[in-house]
Amino acid sequence: MAEAAHKPLSPLVRLYIYAIHGYFTEVMFTATWELVENRNPKLPGVTSVWCLLIYGVSGMVIETMYVRMKDSVPLIMRAMIYTIWTYGWEFTTGYILTHFGACPWDYEPYFDNHFMGLVTLEYAPLWFLASICLEKILINYTLQLHWGPQVKEIVEDTRGNGNVKQKAN
């Protein structure tokens, strides 16, 4: 009996994964900010539905850059490129949304080194570290996910390295 082939996740599914991850991260970040800034133990995290599209598209663009650069550009340089992309994307989407009265962020009241309230240099270390985590964790593992037949029984690799494999019949 021939086994069905495993298919990689479609771009639409990967976009969804990146969108949901970014959305969740934004909510957790704003909740943490609220705790630190206002000592609010309720942790009210907020964001906008627009952020689903913003994070989803950004994740797909960074994934494409990763696939093209992973074998030729060192990680630190890739993270710098991702950070520059993030600033450009944040400014562009914020600028467009501002024209519709829909931009969900404004850095002007909080930071000195902002540009038009749409981007701020104070977030550069966070964007840099977040881009490394995005590449090494989310993108790396998302690209390894596949659709395929259900595995009936899984056994742990006897070397104790956390790897799993399908049990032979």
Side-chain angles (χ1 to χ4, degrees), residues 1-33 35 43 45-94 96-97 104-105 119-169:
M1 172 177 4
E3 287 189 33
H6 288 256
K7 297 182 298 192
L9 299 180
S10 70
L12 189 59
V13 171
R14 294 192 321 272
L15 179 117
Y16 173 78
I17 290 170
Y18 300 143
I20 293 297
H21 179 269
Y23 195 84
F24 175 76
T25 302
E26 178 86 13
V27 169
M28 295 305 293
F29 179 81
T30 58
T32 303
W33 184 273
L35 177 66
L43 299 171
V46 297
T47 191
S48 166
V49 173
W50 289 113
C51 290
L52 286 166
L53 178 65
I54 292 167
Y55 285 117
V57 170
S58 185
M60 291 299 291
V61 170
I62 292 174
E63 175 193 287
T64 301
M65 288 191 278
Y66 164 68
V67 169
R68 291 183 179 169
M69 295 188 300
K70 67 181 177 178
D71 296 325
S72 59
V73 179
L75 175 62
I76 299 300
M77 287 301 298
R78 291 195 309 267
M80 292 170 96
I81 292 166
Y82 302 153
T83 302
I84 291 167
W85 154 256
T86 300
Y87 272 104
W89 183 239
E90 182 181 30
F91 178 80
T92 301
T93 55
I96 292 167
L97 290 172
W105 65 88
V119 294
T120 181
L121 287 177
E122 282 87 351
Y123 278 1
L126 292 173
W127 287 132
F128 183 82
L129 292 173
S131 71
I132 292 172
C133 291
L134 179 69
E135 176 191 300
K136 290 298 189 185
I137 300 169
L138 188 63
I139 291 173
N140 185 33
Y141 288 114
T142 299
L143 290 174
Q144 292 179 42
L145 293 174
H146 287 76
W147 295 110
Q150 183 177 2
V151 176
K152 301 266 190 274
E153 189 173 347
I154 296 178
V155 294
E156 187 169 342
D157 190 325
T158 56
R159 293 177 291 223
N161 58 11
N163 293 337
V164 293
K165 58 184 176 181
Q166 184 173 358
K167 184 176 181 179
N169 292 334

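Basis for what follows: all heavy atoms, side chains included, without hydrogens, waters or symmetry-related copies.
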Once side chain to side chain donor-acceptor pair (under 3.5 Å) is applied, what residue pairs with a partner in residues 20-33 remain, sequence neighbours excluded?
E26-Y55
Contacts of Y16 that satisfy side chain to side chain contact (heavy atoms under 4.5 Å, CB included) - sequence neighbours left out
I20
List the residues meeting side chain to side chain donor-acceptor pair (under 3.5 Å) with S131, not counting sequence neighbours, and say none if there are none.
none
Once ring-ring contact (aromatic ring centres under 6.0 Å, His included) is applied, do any residues pair with W50, and if so which ones, sequence neighbours excluded?
none
Atom pair OG1/CG of T83 and L126 - distance to nearest 0.5 Å:
10.0 Å
Looking at CG of L143 and CG of L138, how far apart are the two atoms once the value is rounded to the nearest 0.5 Å?
9.0 Å
Which atoms form the tightest heavy-atom contact between Y141 and K136, and what is the distance?
CE1-O, 4.2 Å
Tell me, please, which residues at least two apart from A130 pass side chain to side chain contact (heavy atoms under 4.5 Å, CB included).
none
Determine whether W105 and T93 make a side-chain contact, defined as any pair of heavy atoms from C-beta on separated by less than 4.5 Å.
yes
Is the shortest side-chain heavy-atom distance between I139 and Y18 below 4.5 Å?
yes
Would you mind listing every salt bridge (Lys or Arg N to Asp or Glu O under 4.0 Å) that reaches into residues 62-78, with sequence neighbours excluded?
R14-E63, R78-E135
With sequence neighbours left out, what residues match W85 under ring-ring contact (aromatic ring centres under 6.0 Å, His included)?
W89
Mind checking side chain to side chain contact (heavy atoms under 4.5 Å, CB included) for T120 and listing every partner two or more places apart, or none if nothing turns up?
Y107, F111, H114, E122, Y123
With side chains defined as the heavy atoms from C-beta onward, is the minimum distance between M65 and I62 less than 4.5 Å?
yes
Does some side-chain heavy atom of Y66 sit less than 4.5 Å from a side-chain heavy atom of N140?
yes
Quick one: pull up CE in M80 and CG in L75 and give me the separation to the nearest 0.5 Å.
11.5 Å
L52 and V49: CA distance, side-chain angles, deciding distance, side chain to side chain contact (heavy atoms under 4.5 Å, CB included) verdict
CA-CA 6 Å; L52 286 166; V49 173; 4.1 Å; yes
Give a yes or no on whether F24 atom CZ has more than 12 heavy-atom contacts from other residues, nucleotides or ligands under 6.0 Å away.
no
With salt bridge (Lys or Arg N to Asp or Glu O under 4.0 Å) as the rule and sequence neighbours excluded, what pairs involving residues 80-91 come up?
none
Tell me the closest heavy-atom pair linking H146 and Q144, and the distance in Å.
ND1-O, 2.8 Å
For L35, enumerate each residue passing the side chain to side chain contact (heavy atoms under 4.5 Å, CB included) test, keeping only those at least two apart in sequence or located in another chain.
L43
Under 4.5 Å between any side-chain heavy atoms of L145 and I17, yes or no?
yes
Closest heavy-atom pair, G88 versus T92, reported as atoms and distance to 0.1 Å, is O-OG1, 2.8 Å
